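This is a predicted model, so every value here is computed, not measured. Just so you know, these numbers use all the heavy atoms, side chains as well, and skip hydrogens, waters and symmetry mates. Every chain is numbered from 1, with letters handed out A, B, ... down the list of sequences.
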There are 2 protein chains.
Amino acid sequence: MGIAERKNRQKQALRERILDASRRIVMREGFAALSMRKIADAIEYSPATLYLHFASRDEIAQALCEEGYAQLLETFVPHARIADPAERLKALGRAYIAFGVAHPQTYRLIFMEDPSYTGAALGGAARKAQASADEEAGAEVDDATTSSAKKQAAAREPATAATALSDSAAHTDDDPGAAALHIMLGALEELKAAGRLSASADVGVWAEAFWATLHGIVALNLTCPVFPTAPLDTVLNLTLDVWFGSSSAVPEPAVKPTPEPRAKPKAASA
Amino acid sequence: MGIAERKNRQKQALRERILDASRRIVMREGFAALSMRKIADAIEYSPATLYLHFASRDEIAQALCEEGYAQLLETFVPHARIADPAERLKALGRAYIAFGVAHPQTYRLIFMEDPSYTGAALGGAARKAQASADEEAGAEVDDATTSSAKKQAAAREPATAATALSDSAAHTDDDPGAAALHIMLGALEELKAAGRLSASADVGVWAEAFWATLHGIVALNLTCPVFPTAPLDTVLNLTLDVWFGSSSAVPEPAVKPTPEPRAKPKAASA
DNA sequence: GTCTATACCTCGATAGAC
DNA sequence: GTCTATCGAGGTATAGAC
């Protein structure tokens, strides 16, 4: 069987070469420029050979996406150990933006190209967020029908940073997107448990809204050459302060979030 | 000269037919599916004829973009009359998201396709934001070199909603993007003048960060089929409350933004 | 397994007849 | 002004020789 194993190794090696070349093309010229011909050229094989390893261009793209999800999650992991949940969320936000700026084409591929690619990243994650929200609302969860119900159990008790991390690590293998979102959910739960979020706040909604905010900063920055006019860090810091309060050691806080929530009456529109 | 005028009218009419057909194709199949052949088919002319009215496909796309900018601005205008600046900003945010959801392909074309398209919308706008920020910082503005310096003068004094609107209306003809951003800047200036924003807050940064946030919600919604899991309005309301405070008449505010800004010490990261 | 060769698309843009 | 015809380039995917 040694011969079969060698052949298998060679097959896997070529598969990796294909993905390597594809990754380089995407990083250099963007996803739209990824074609079977170009990949074949890059690895010095004929286009037909590619179809022995991938059924289509789309399958190659999906493989690249999965790498991207994992890569993004990796940048999250170290920050998940930060004790203060607000600081943790801010650090995660910074890591998210940093990833997008450092790997623009990868970010585009995952979050700005095909809905099915983005869905693969956020689909499972969003389902978990919904489940968490339902759970929080006191809805009954049918463990038999939910394959990942066991993993969600840890979120039921107000988790410490350590348990949140170890729990999310359980997701890492199968679904990086869900794991990433789960790290955020854990931090938001802690904030809420500490009374720094309204008791009626829905952490699932908070997580989705915050994620969308981060996405907006990255996406606009990648798409629009003149955004932002101000330094990116300045915009990011303001955004994080608005969401989770100013935490700088500076005596005078730079931003004072709406001291009078409902001071003025609503005006009639034309 | 009547003959020449008639020919001119006919030429303009065909130009409009081309744009109409293009708009329909983009709305129905997306910008990527817009091809000269398809347009020609739709208007029942040969592809070659198109090149008598537009130099290239790109020129058609840019014409569509300009319509889109103006369309977006139009949805802003009625809300610019709201007296309370925070409520005005929230209404603008809602209008922005509503536009993106109602006209997904138009929104994609303007803000998610080609950087040059988005730049045409935000480029001039961003320059104005920067100018406003400079001005605010006490920098001298050389009126001779800035063609629109006169228009910015109105923002110097804490403007009423009326003056902010009339001022922004002056931008409408030449640059819808700048006009839209200017409406937001005016509202932020008012917030600041009322002491509801820190005196050291940079309204240019606020405007860019808020715009990015709105963009994130729309973009993620358009790209990701499962976002948001929660109703879009719920996510939007939370986001607007986080940015400009809760203004609902409900006795218990749904969201309490970080009552203890710097309660916990910063934790050491691993 | 890997190749050559090719079928079969779609595209933007242009030349030249009418 | 409008057409037909076409160039040349790009793409996915496959058939069949080796």
Side-chain angles (χ1 to χ4, degrees), chain A residues 1-26 28-65 105 109 113-114 116-117, chain B residues 1-26 28-65 105 109 113-114 116-117:
Chain A
M1 305 302 167
I3 293 175
E5 285 166 6
R6 173 181 55 82
K7 287 195 173 180
N8 215 316
R9 272 200 307 276
Q10 283 178 341
K11 185 165 178 129
Q12 286 303 319
L14 186 49
R15 189 189 154 93
E16 277 311 309
R17 283 190 62 193
I18 292 171
L19 287 180
D20 279 350
S22 303
R23 204 178 307 114
R24 269 196 304 275
I25 292 169
V26 168
R28 208 173 48 237
E29 311 172 53
F31 174 62
L34 181 70
S35 77
M36 301 303 264
R37 288 196 213 275
K38 263 188 202 161
I39 301 169
D41 264 9
I43 63 172
E44 296 178 303
Y45 275 78
S46 81
T49 301
L50 301 180
Y51 291 92
L52 299 175
H53 297 264
F54 294 94
S56 67
R57 171 181 183 265
D58 208 67
E59 213 175 275
I60 295 178
Q62 283 176 22
L64 290 180
C65 280
Q105 300 296 359
L109 175 61
E113 296 285 352
D114 193 304
S116 75
Y117 301 161
Chain B
M1 305 303 167
I3 294 175
E5 284 166 6
R6 171 181 55 82
K7 289 195 173 180
N8 215 316
R9 273 199 307 276
Q10 285 177 340
K11 186 164 178 132
Q12 287 304 318
L14 187 48
R15 190 189 154 93
E16 277 312 308
R17 284 189 62 194
I18 292 171
L19 288 179
D20 278 351
S22 302
R23 203 178 308 114
R24 268 196 304 276
I25 294 170
V26 168
R28 209 172 47 237
E29 309 172 54
F31 174 62
L34 181 70
S35 76
M36 301 302 266
R37 290 168 137 89
K38 262 187 205 162
I39 301 169
D41 264 9
I43 63 172
E44 297 178 301
Y45 275 77
S46 82
T49 301
L50 301 181
Y51 290 91
L52 300 175
H53 298 265
F54 295 93
S56 67
R57 172 180 183 265
D58 208 68
E59 213 176 274
I60 295 178
Q62 283 175 22
L64 289 180
C65 279
Q105 300 296 359
L109 174 62
E113 296 285 352
D114 193 305
S116 75
Y117 301 161

Is the shortest heavy-atom distance from the side chain of [X] to the side chain of [Y] under 4.5 Å?
| X | Y | answer |
| --- | --- | --- |
| A:Tyr117 | A:Gln62 | yes |
| B:Asn8 | B:Gln12 | yes |
| A:Ile18 | A:Thr49 | no |
| B:Arg6 | B:Arg9 | yes |

Open item on the list: If you only use heavy atoms from C-beta on, which nucleotide in D:dT2, C:dG1, D:dT4 is closest to the side chain of A:Lys7?
Closed with: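 Looking only at side-chain atoms, A:Lys7 lies closest to C:dG1.
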Mind calculating the distance between [atom1] ([X]) and [atom2] ([N]) to the nearest angstrom?
| X | N | atom1 | atom2 | value |
| --- | --- | --- | --- | --- |
| B:Phe54 | C:dG12 | CZ | P | 14 Å |
| A:Ile18 | C:dT2 | CD1 | P | 9 Å |
| B:Asp41 | C:dC11 | CG | C1' | 13 Å |
| B:His53 | C:dA13 | NE2 | P | 16 Å |
| B:Tyr45 | D:dT4 | OH | P | 13 Å |
| A:Ile39 | D:dG10 | CD1 | P | 16 Å |
| A:Ile3 | C:dG1 | CD1 | P | 12 Å |

Open item on the list: What's B:Leu50 touching, base or sugar-phosphate or nothing? Going by heavy atoms closer than 4.0 Å.
Closed with: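 Answer is nothing: B:Leu50 stays at 4.0 Å or more from every strand.
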Which donor-acceptor pairs under 3.5 Å do the side chains of residues 33-45 of chain A make with protein atoms, sequence neighbours left out?
unit_1  : atom_1 : unit_2  : atom_2 : d
A:Ser35 : OG     : A:Lys38 : N      : 3.2
A:Lys38 : NZ     : A:Glu29 : OE1    : 3.0
A:Lys38 : NZ     : A:Ala33 : O      : 3.2

Task: Nucleotide-resolved protein contact map, nucleotides 12-18 of chain D, B/S/- at heavy-atom distance under 4.0 Å - done: BBBB---
Task: Test item: side-chain donor near acceptor, B:Ser116 and B:Asp114, under 3.5 Å - done: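 Distance-only check passes for B:Ser116 and B:Asp114.
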